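One structure is given below, encoded as structure tokens.
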Amino acid sequence: MYSLALRMAWASLARRPARSFLVVLMICVSLWGLLLMQGIYDGMTEQMIANAIRSDSGQLSLFGRGYRLDPSLDKLIGGKETENTREKFRNLLDSDPRVRSWVKRLRQNGLVATAHYSRNTEIYGVDLDREDRHGRLKSYLVQGEYDFGNRSKGAIIGFKLAEKLQVKIGKKIILSAQDINSDVTSIALRITGIFKTNNLGLDENALFIDLERARTFLGVEQGVSQISIMLHDDQQLASLQQDLQHALPNLDVLRWDELYPALMQSRVMMKGFSLVISIMIFGVAGLGIFGVMLVSVLERMREFGIMLAIGTAFSQVRIIILAEALFMGLTGLLAGMVCGGLSLVYFKIYGLDLTMFSEAFEEFGMDAITYAIIRPDYFVTAFVAVVLATFVSVYFPLRLLRRAKPVEIINAV
Amino acid sequence: MLLLPQIIYAENANDIIEKVVDNLNGKTAIMEISMVVKTSRAERTMKMKSYSIGQEKSFIKILYPKKDEGITFLKLDNSMWQYVPRIEKTIKIPASMMLQSWMGSDFSNDDLVKESSLSDDYDHALIAETEDDYNLELHPKADAAVVWGKILMSVSKQYYLPVTVSYFDEDGVLIRELLYTDVKAYGKRFYPSRWVMTPKTADKKGHETRIIVSDVIFDMEVDENYFTKRALKRFSR
Amino acid sequence: MLIQLAIRNVLAYRKHSVITFLLGAVSTALLVFSSAWNDGSHQQMIKNAVEIYSGYIQITGAEFRKSPSFEHLLFNVEKLQKDVEAVAGVDLFSPRFDSFVLYSVGEKAVGGMLTGIDPEKERRISRLYSSLKEGRYLSKTDTNQLYIGNELARRLKLQVGDELAFVGSGADYSFAADKLIVKGIFQTGLFEFDATSAFLAKPYFDMIMAAENLATHGIVLPHDTQQADIVAKNIGRKIGAEFQSASWMETMAPLVKSMKLDSVFGYITLGIIFIVIFFVIMIYTLLAVFARIREIGIMRAVGTTPRQILGILLLESSILGFISVVAGGLIGAVFAYYFNVHPMVFSGMEEQFKQYGLAVSAMPTAFEPFTILRDMLVMFVLLLLSTLYPIIKVNRYQPIEAMHHV
């Protein structure tokens with residue numbers, strides 16, 4: 001009996017191919033556009049967030065209390081603790097199953113100079129191998145090598161800083177800074193690498209040197225300025241933060257979104273924006289289905305009148321009409337999902353070069369190439385929205401049919 | 001075999017530099033100098049007195065112009081402090097200011113602090129010899145924290161004092177030139193009484209700093225009290 | 001004749017007309033308002049950034065922007081002032097002298113900018129005066145009274161009335177130092193600016209920094225800020241190659257670019273919505289013309305040419321399109337105007353704005369009749385295009401076919 005309903009629905013659609021095709025095409029194209037937009041915009045936001053997390057904050061960052069307000073070498077993590085305490089601290093991080101990796105960084109303000117120029121810089125003493133495993137730092141390298149070279153005399157610097165200093169790979173720079181006794185100390189380094197993270201603060205200011213080199217340079221025997229932590233599972237972020245803060249009351253334990261509030265806000269805004277756009281698109285698309293269904297029902301009032309008059313149950317008629325609407329809705333949905341999904345997969349793998357729209361991208365901390373994100377919930381939302389729009393769009397025609405008296409309809413024309 | 005002459009030269013060059021550095025500093029020195037800073041627009045004269053022991057410690061007091069009178073500087077090893085009577089404050093020159101100009105001249109704070117580095121931070125080679133001068137080429141040692149790519153220096157054979165010092169960047173571009181002239185006898189030592197520093201970069205066109213030494217007393221006992229932070233304020237008056 | 005027929009048809013097929021009208025009107029209103037919002041928020045962001053401190057037109061020495069040293073100052077400010085103010089469209093000219101100094105309180109020393117300004121003129125060319133947070137603003141006769149950014153004051157732990165010292169160098173490269181008293185604290189909301197800037201009245205500044213008749217740059221306020229670019233060019237011609245006169249479009253080029261970028265995203269999004277609307281209108285038109293296919297068949301049978309039918313149908317959709325575009329345009333314009341007068345306030349978005357270097361979160365929409373007309377025209381063309389396919393399709397039927405069409 002359902003097969004009859006389905007056949008009737010199909011026949012009705014096939015009778016008006018242009019109209020049915022337009023509806024399917026409309027749903028398909030709007031869904032395609034929507035999916036692409038969501039995937040690309042989300043990709044863009046998440047890429048900015050990922051850049052900040054990978055290059056700097058981790059998902060969690062630990063700082064000495066008060067370091068962020070007054071970043072100085074006497075507010076280090078583990079700067080004054082005994083070896084025993086620091087061992088315990090390391091174990092705490094190593095043994096926590098939620099922690100995927102963690103890295104230590106020793107930071108200090110300094111001045112980097114060539115014979116021509118000098119610039120303020122933020123020195124990061126880092127362990128390159130660990131940083132790469134931690135946040136794939138190596139992938140940000142745009143020139144030179146991911147290596148501090150022979151005897152760790154190399155420096156890897158942000159591309160904007162390199163531009164300002166007008167230095168290239170292999171050039172010598174002199175780095176000066178206040179050491180732990182607040183004496184001025186200087187060191188000669190060679191540029192071994194230039195990186196571009198699109199985390200603007202880093203690209204403009206940061207200079208990475210070897211952690212041990214930084215220790216001897218700044219006279220810091222123990223302790224670090226920042227510990228950046230990555231988790232296996234994003235969901236455990238809040239609980240880890242809480243536990244660490246509890247275990248380490250003398251430190252500031254901060255999530256990435258507390259360090260980069262603007263990024264979190266972009267994510268929230270993007271979500272709200274997507275929602276509004278989705279509602280608008282599905283609303284309009286629903287209107288399209290509604291019009292077609294209304295006309296389709298009105299055209300066949302007589303047909304349905306006869307069916308009802310000869311004893312067909314209303315529920316049966318309802319199924320025919322619903323099936324017709326769903327046929328269109330779901331075909332469009334499927335087509336849209338396939339087109340949208342395939343395009344997203346394409347852009348996820350090959351990326352979308354947005355610089356064709358504007359050269360300004362890179363100046364604002366966005367990657368030139370955006371890789372789309374595919375989330376299952378795009379498709380779930382689309383499915384629910386299309387089905388909902390379909391049901392809503394047949395509600396009124398059905399009510400019209402139900403209110404009408406079969407005899408009147410049959411005699412109407 | 002081919003390397004041999006160079007090694008001999010290098011030894012000679014080292015000796016020359018040692019002598020030059022010693023001649024420029026003495027065991028101790030008390031100097032009175034005036035400094036003329038010329039820019040494309042104007043010329044300013046300053047007078048000051050300096051006390052120093054070797055290359056490590058020095059104390060400078062500004063005597064003229066009136067508005068800067070009493071400003072004192074203390075240099076100990078790699079650090080530098082400044083006392084300014086107008087604001088009654090001693091300021092430690094931070095790392096970020098080391099490359100800034102010293103009192104508006106074409107010398108930087110760093111030049112004052114690092115004057116010792118000519119002998120320690122460079123490898124020296126004698127590249128030519130004329131009737132009057134040795135021509136030396138100085139290359140910074142691998143670990144030396146100096147911005148220059150190379151320094152060319154000509155040294156007078158007669159006095160073992162520098163005549164010209166040219167500073168180049170890593171690509172061999174001349175950045176600035178320092179001339180020492182008018183050698184005079186002060187006690188048992190000879191000393192250039194006129195130094196002229198000329199920056200060669202486009203942004204410093206028309207700039208020049210002249211130092212004229214009016215008096216030097218070498219190798220006399222200098223009060224160690226000058227080389228403490230307290231002295232900055234105490235000897236400011 | 002055709003027009004009357006078309007109007008009659010529009011009125012006769014009321015349901016279709018109403019739906020097409022509504023769709024057209026709503027989309028037009030949406031487009032008009034979105035453009036107004038986009039343009040308005042961008043203009044506001046730029047306006048904020050320009051008006052807070054950097055000014056509509058900046059005059060510097062020719063080389064200053066490339067290499068900002070005391071070599072490339074404005075050397076005869078008094079003459080320059082006369083020259084600039086003689087240019088048509090210039091309201092006033094105000095010189096500033098920026099210098100990098102070291103501020104010091106107790107043991108703490110922080111680098112920052114110290115700038116000499118004309119307090120009276122500055123009131124009109126920037127928002128320094130209205131950004132007063134505590135204490136008082138500067139006056140022309142002030143001596144060592146400092147007007148300092150909130151974040152800088154916090155870093156140095158300073159309150160109104162506290163004393164601090166600075167060392168720096170004067171315009172003649174001579175050594176400069178003085179004790180200063182905090183007279184007022186300002187907060188523009190631009191974090192970087194508030195964390196590095198402080199101001200002195202220029203007469204006193206000139207004395208201690210040897211900056212008499214000198215300036216690092218001058219700000220020009222044009223009578224009409226829309227004309228800034230033209231006025232800047234005129235000034236440039238008048239004062240010659242020794243100087244550079246640049247409007248905010250040059251000095252704020254990165255911001256202008258970022259706003260363009262934002263517009264690109266806005267229009268891409270609108271584009272997707274319009275594709276859907278386009279389809280819906282097409283579907284409705286298809287439904288409507290096919291509902292009339294018998295009538296069209298009969299018309300053909302009694303001798304109406306396909307051209308005439310095409311004409312009538314196109315006229316119908318033009319009339320409908322026109323009415324809906326006008327109505328939608330009006331609705332959009334009303335909203336654009338309302339929110340132009342009563343800006344929307346987004347208190348939660350401040351962080352995001354700060355990242356752009358912007359401080360204010362109230363966003364008025366733009367109300368520009370030309371843009372509204374442009375959008376209405378775009379929508380009209382779009383509406384016509386969307387009815388084209390159904391109209392042509394229905395016209396392909398032979399009269400008999402059409403009459404028997406079920």
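Just so we're clear, the structure is a prediction, and the values are computed from it rather than from any experiment.
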request  = Could you tell me which residues in residues 164-179 of chain C have at least one non-hydrogen atom under 4.5 Å from a non-hydrogen atom of chain B, sorted by residue number?
outcome  = C/Ala165, C/Phe166, C/Val167, C/Ala171, C/Asp172, C/Tyr173, C/Ser174, C/Phe175, C/Ala177, C/Asp178, C/Lys179

query = Tell me, side chain or backbone of B/Ile91 under 4.5 Å from chain C's heavy atoms, or both, or neither?
reply = side chain

inquiry  = With a sphere of 6.0 Å drawn around OH of B/Tyr186, does it hold more than 12 non-hydrogen atoms of other residues, nucleotides or ligands?
reply    = yes

query = What part of C/Leu102 gets closer than 4.5 Å to chain B, counting heavy atoms only: side chain, backbone, both or neither?
reply = side chain

query = Which atoms of B/Lys205 come close to chain C, meaning under 4.5 Å heavy atom to heavy atom: side chain ones, backbone ones, both, or neither?
reply = backbone

inquiry  = With a 4.5 angstrom heavy-atom cut-off, is it the side chain or the backbone of B/Val37 that approaches chain C, or both, or neither?
reply    = neither

key: Region of B/Ser101 that comes under 4.5 Å of a non-hydrogen atom in chain C   = neither

Please tabulate, for the side chains in residues 239-255 of chain C, all donor-acceptor contacts under 3.5 angstrom to protein atoms that are two or more places apart in sequence or on a different chain.
{"unit_1": "C/Ser245", "atom_1": "OG", "unit_2": "C/Ala232", "atom_2": "O", "d": "2.8"}
{"unit_1": "C/Ser247", "atom_1": "OG", "unit_2": "C/Asp229", "atom_2": "OD1", "d": "2.7"}
{"unit_1": "C/Ser247", "atom_1": "OG", "unit_2": "C/Met249", "atom_2": "N", "d": "3.3"}

Straight-line distance of B/Ser40 OG to C/Phe75 CZ, nearest 0.5 Å = 6.0 Å

task = Could you tell me which portion of B/Arg41 (side chain, backbone, both or neither) has an atom closer than 4.5 angstrom to a non-hydrogen atom of chain C?
result = side chain

message = Please check if the number of heavy atoms outside B/Lys38 that lie under 6.0 Å from its NZ is greater than 12.
response = yes

key: Heavy-atom neighbours of C/Lys82 NZ exceed 12 at 6.0 Å   = no

